[in-house]
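Let me begin by presenting the structure, written as structure tokens, before commenting on it.
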2 protein chains.
Amino acid sequence: MANKSSRKRGSYHIGNLDTLLLDEARLVLAEVGPTKLSLRGVSDRVGVSATATYHHFSNKNVLLAHLAAKGFHELSQVLRKRSNSSEPYDILRTGCIAYFKFARQNPELYQLMFGPEIQAERSIAELKAARAEAFGDLRQIISEVTNEPADSKTVLDGALASWSFTHGIASLFIHDVIHYPSSTDIKLVDKSLKALSQIFLQGK
Amino acid sequence: MANKSSRKRGSYHIGNLDTLLLDEARLVLAEVGPTKLSLRGVSDRVGVSATATYHHFSNKNVLLAHLAAKGFHELSQVLRKRSNSSEPYDILRTGCIAYFKFARQNPELYQLMFGPEIQAERSIAELKAARAEAFGDLRQIISEVTNEPADSKTVLDGALASWSFTHGIASLFIHDVIHYPSSTDIKLVDKSLKALSQIFLQGK
DNA sequence: ACCTGAACACCGTTCAAGT
DNA sequence: ACCTGAACACCGTTCAAGT
């Protein structure tokens with residue numbers, strides 16, 4: 001937080017402009033959100049001309065894609081912390097809550113990761129890879145929950161369903177669709193998980 | 001499709017510029033997506049100066065908010081078509097699939113409705129009202145599914161959980177996170193619903 | 001009351017030029 | 001190899017002026 005604004009550089013060249021831009025972009029993202037982040041603004045704050053940025057990222061979308069890829073990596077990290085219980089419901093719950101907390105703590109980054117600014121399909125390979133990695137971690141969790149192989153159909157479908165649910169609730173919270181004091185977030189996830197199980201139990 | 005491009009107007013004034021702009025914006029939205037829609041572009045296509053638009057919508061966000069509100073109204077319509085079965089699982093399934101189909105058929109509108117361009121909380125009242133209406137319809141469905149009053153806690157939590165799930169899966173599809181031939185979409189929703197019930201059954 | 005043109009402060013991106 | 005300034009084609013928004 002202190003050495004970050006060593007603005008005046010002695011030399012013409014910089015060296016690690018890639019990471020400087022990426023780090024600053026992450027800050028700007030958190031401050032103004034994904035729709036108002038601008039290449040020129042980020043470049044300015046780093047103390048470099050906007051055109052310099054184009055020597056490190058071929059365009060704005062590529063910069064954003066790198067940011068999003070970083071987000072998926074962090075999400076992976078978060079999903080790897082396992083529950084100390086071996087009860088299926090507890091394992092699932094732990095995963096859901098970890099995911100949910102990540103989204104809540106990085107709302108703008110999360111919006112970017114799943115927002116319209118990023119068309120992952122036609123973006124850099126790193127993004128798709130990072131996203132696939134995160135989905136892999138999710139499958140791993142569901143594999144433990146269901147006690148079936150990670151590449152089985154059951155696990156795949158279960159992972160997709162769980163991802164949908166958790167992404168959905170995180171997304172609704174971030175977009176202020178749900179109004180709860182933030183201290184009771186997790187309780188709501190809990191209640192929803194139970195409510196959902198209630199519904200399905202009854203439907204069986 | 002024919003009388004829409006009656007561009008050259010005889011008089012200086014127009015009359016129903018509000019709806020003309022809104023309709024054209026909807027088309028542009030479907031063509032270029034929520035991030036690339038521009039006020040100037042829409043005004044141009046209607047055949048009017050960009051400044052004229054400001055006499056009908058105080059800024060771009062208000063225009064987008066009206067579009068999103070329209071989306072929520074249409075979503076409400078769609079959710080009101082009830083299942084002919086009275087089996088709880090069937091009612092839920094019918095609602096989920098109707099919601100899902102709406103999202104798939106209007107991907108850019110759906111992205112707008114839940115995207116970062118719209119901060120519903122600080123936008124026009126119509127938007128919040130339309131969204132609340134749609135959520136009301138969802139609660140109604142869950143009330144039928146669970147056979148409990150629509151304002152009960154069970155129904156509220158269940159509606160939130162179901163909304164999360166359905167919004168989640170729709171959102172993941174729209175953002176190309178899931179790759180399935182579009183003919184098998186619904187099958188996947190089905191399988192996910194079942195997989196989820198599977199998981200919860202096991203966890204109980 | 002409703003619409004326009006010119007202007008301001010921003011964008012993303014490119015290209016020739018500087019170190 | 002890495003960075004800059006000027007320029008182009010766009011934005012959203014405002015303001016004085018036209019019908």
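By convention in this document, chain letters (A, B, ...) are assigned in the order of the sequence lines, proteins followed by strands, and residues within each chain are numbered from 1.
For residues 160-172 of chain A, there are no salt bridge (Lys or Arg N to Asp or Glu O under 4.0 Å) pairs, not counting sequence neighbours.
The CG atom of L37(B) sits 16 Å away from the P atom of dC10(D) (whole-angstrom rounding). Rounded to whole angstrom, the span from the CG atom of L39(A) across to the P atom of dC10(D) amounts to 19 Å. Taking atom OH of Y54(A) as the reference point, atom P of dT13(C) lies 4 Å away to the nearest angstrom. In this structure, CG of D18(A) is placed 13 Å from C1' of dA1(D), rounded to the nearest angstrom.
Stem regions annotated for DNA chain C: C:4-8 with D:12-16, C:12-16 with D:4-8, counting only runs of 3 or more consecutive pairs of Watson-Crick or G-U type with both contacts under 3.5 Å.
Note on ring orientation: taking the six-membered ring where Trp is involved, the planes of H167(A) and F114(A) are tilted (angle from 30° to 60°).
At a threshold of 4.0 Å, the pair E108(A)-K36(A) does not count as salt-bridged, since none of the basic side-chain nitrogens sits closer than that to a carboxylate oxygen.
The side-chain contact (heavy atoms from CB on, under 4.5 Å) test with R104(B) is passed by exactly one of Y99(B), Y110(B), F173(B): F173(B). A salt bridge (Lys or Arg N to Asp or Glu O under 4.0 Å) with E74(A) holds for exactly one of R26(A), K101(A), R80(A); it is R26(A). Checked against E24(B) for a side-chain contact (heavy atoms from CB on, under 4.5 Å), the options L27(B), L22(B), L20(B) give a single hit: L27(B).
Among all heavy-atom pairs drawn from L79(A) and G95(A), the shortest one is CD2-O, 3.9 Å. Nearest heavy-atom pair, P149(A) versus V155(A), reported as atom, atom and distance to 0.1 Å: O-CG2, 3.3 Å.
No donor-acceptor contact under 3.5 angstrom links the side chains of T146(A) and T154(A), judged on distance only.
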Cut-off 3.5 Å, no hydrogens considered: what does the side-chain donor-acceptor table look like for residues 65-73 of chain B, sequence neighbours left out?
residue, atom, partner, partner atom, Å
K70(B), NZ, D23(B), OD1, 3.4
H73(B), ND1, A69(B), O, 3.3

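For the contact set between residues 110-122 of chain A and DNA chain C, defined by any heavy atom under 4.0 Å, there are no members. The stretch residues 55-71 of chain A touches DNA chain D through H55(A), H56(A), each having a heavy atom within less than 4.0 Å of the strand.
Formation of a donor-acceptor pair under 3.5 Å by the S171(A) side chain with backbone atoms of G168(A) is not found in this model. With hydrogens and angles disregarded, a donor-acceptor distance shorter than 3.5 Å links the side chain of S192(A) to the backbone of L188(A). A donor-acceptor pair under 3.5 Å links the side-chain atoms of K60(B) to the main chain of L37(B), judged by distance alone.
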Show each protein N/O and nucleotides 5-9 of chain C N/O combination with a separation under 3.5 Å, one pair to a line.
residue, atom, partner, partner atom, Å
dG5(C), O6, T51(B), OG1, 3.2

